[in-house]
4 protein chains.
Amino acid sequence: MPNPDFAHPLTIRLHDTDAAGVLFYGHLFRHTQDAYEAFMAAIGMPLDGLIRDGCWLPLVHAEADYLIPMRHGDRFGVEVAVAALGESSYSISYGFRDGAGALRARARTVHVHLGPDRTGSAPLPEGLRSALVATLGTQ
Amino acid sequence: MPNPDFAHPLTIRLHDTDAAGVLFYGHLFRHTQDAYEAFMAAIGMPLDGLIRDGCWLPLVHAEADYLIPMRHGDRFGVEVAVAALGESSYSISYGFRDGAGALRARARTVHVHLGPDRTGSAPLPEGLRSALVATLGTQ
Amino acid sequence: MPNPDFAHPLTIRLHDTDAAGVLFYGHLFRHTQDAYEAFMAAIGMPLDGLIRDGCWLPLVHAEADYLIPMRHGDRFGVEVAVAALGESSYSISYGFRDGAGALRARARTVHVHLGPDRTGSAPLPEGLRSALVATLGTQ
Amino acid sequence: MPNPDFAHPLTIRLHDTDAAGVLFYGHLFRHTQDAYEAFMAAIGMPLDGLIRDGCWLPLVHAEADYLIPMRHGDRFGVEVAVAALGESSYSISYGFRDGAGALRARARTVHVHLGPDRTGSAPLPEGLRSALVATLGTQ
C-alpha cells in the first residue's frame, strides 16, 4: 500500500476487544467500512447517496491480515486506497497504522457494481469510475 | 417475569466479551433480538415476514439490568414473555437464566406499530394482537 | 440534559442500519460507549488506563429511547453528561442531536465501582470522583 | 470443502442485515466464530477452556467470499472443517449452505499458537493437534 494520502482516525474501544485482551478479528470489518465510507465521501461519492440513487455495490470478497495485536485505547490512522479498478468492480485496500508508524493490520475488500435487476454485474457508472481513477494519480 | 414457557438457548462467544473479561453490555441487545425473533416465529409471527408484509414495529425503548457478570462459554436460556400489550404497542421482557437457575441479566423492549405512512402509531394488526394475547394465557 | 459542553461526533454507517432501513437499536450502545470513552479521556480519566490500573466500573443498567429514526449517512453530536453521582456509582446521560438540533435518541448508563475483590461495590476513587464532579459545574 | 460432518445452525437476524437489505459483510465473522467455537467444543477442545488454560490461538488471517446474498430470516448450516494443519498453526474453512443446498458464502481463518511469552509462535499442544487431526479422517 503505497503511502496513501487518505487516513481515517480510529481509537480502539472496549467493545472492539474480547476476553483475550485484543481486538476481536471480526470487529475490524466495521472499521474498514467506516474508513471506506469516509473515503467515498471525501472523493465526492458518499455511499448513502449512491445507495439512495439505486447504485448497488455489494462486496464479493473481504480479507484481513492481523500483524500486531490491537488493544483498548490504541489509536490508528486507517489508510485507504483504490487497489484495483476493473470494468464492473474495484478493490479497496486498508492499512491500520499506529502512531509509531507500524502497520498493525491490513485488509482488502472487493466491490461489484450490480445492474438494475441486481442479478448480474454491470459497468461502473462513469462518475464513480472517474472519482476512483482520480485517486490513483495521487498515490 | 413469571416462569415463561419460552426460552431461547445462548452461549456467550468470544466476540460477546471485552477486555474486562465479561460480556460487553451493548452486545446483550443482539441476544434480546435473537430471542425475540425466535419467540415471534414460535407464535406464528416471524419478524422477517411481518417486515416483508409492510408491518413496521420499531423499538421506542430498550433497557437492561446486568445482575451477575456473563463470561465466555457461559450458557443461558433466554426467557421471553409479553410484558405489556397496548392498543398500538407492546413490551417484551427477557430473562437471561443460567444453568444453575440464576437470573444473570434482564431486559425489556417496547415496540410500536407504525401506520402505512410510518409517521405515527396505528392499532396492532388483529392477527398479531391475537398471537401476543395467546401467550399471556400460558404464563 | 442541560446543553452539555461535550459532544462526540458520529456518522451512521451502513453496519449501524438494518433491513428496515434505520439504525438497529442495539448498535446505539456502541456509540454510547464511544462517546463515554471520549468523554472520560477528555476529563483526564481514560477508561483503558483505569482498567489497566485495576479500576473496574462495570455497567449495572443501560437504557435508551428512540425518538426519531436514524438513517445511513446521518450525522450527530453525541452529548455526554454526568447525570447522577453516588458514593460508589454514577450515571451518564447521552443525547444524540442531529444537525438541525433535534434530539433523535437519548440513553443512560449506570456504572458501579467494584472493590479489589470485584464482588461488591466500593467508594469511587477520589481522583475519578473529582473529575466527574468538575463536569457538573460546567453545565 | 469436502462435505464436512459438522454444521452449525444459523438464522440471519435483523441486526445481521443493513439498509441495503442483505447481510453486512463484517457480521459474517461473528458467525464464523460461533461455528468455530461450536466445532471446537464438539471435538473436545472448547475455546473458553483453552483460553483459561493460557493457550492463545490468535487469528493472523481471515477472509470470506460472498456468493449469493443472505437475507433476514434465511437459515443456514455453517459447515466447519480443518482446512490445513501446520506445526504451530491451522486453518479452518466455513461454508454457509442454505436449505436448498446452495453455498451462499464461504470463509477461512488462520490461527497461530503463541508460546508462553506470547511474542512468537510455538508448536501446537499435542492434545489440540490430535483433536484437529482426528477430524481430518472423517472427511
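We use all heavy atoms of the structure for the numbers below, so side chains are in, but hydrogens, waters and symmetry mates are not. In what follows, chains are A, B, ... by sequence order, proteins preceding strands, each numbered from 1.
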Using only non-hydrogen atoms and a strict under-4.5 angstrom cutoff, which residues of residues 109-120 of chain B touch chain D?
none

Rounded to the nearest 0.5 angstrom, the CD-CZ distance for D:Gln33 and B:Arg13 is 8.5 Å

Non-hydrogen contacts under 4.5 angstrom with chain D: give the residues of residues 14-25 of chain B involved, or none if there are none.
B:Leu14, B:His15

Report, by ascending residue number, the residues of residues 59-66 of chain B in heavy-atom contact with chain D at a distance under 4.5 Å; give 'none' if the set is empty.
none

Using non-hydrogen atoms only, which part of B:Ile51 is less than 4.5 Å away from chain D: side chain, backbone, both, or neither?
side chain

Who are the salt bridge (Lys or Arg N to Asp or Glu O under 4.0 Å) partners of D:Arg52, not counting sequence neighbours?
D:Asp48

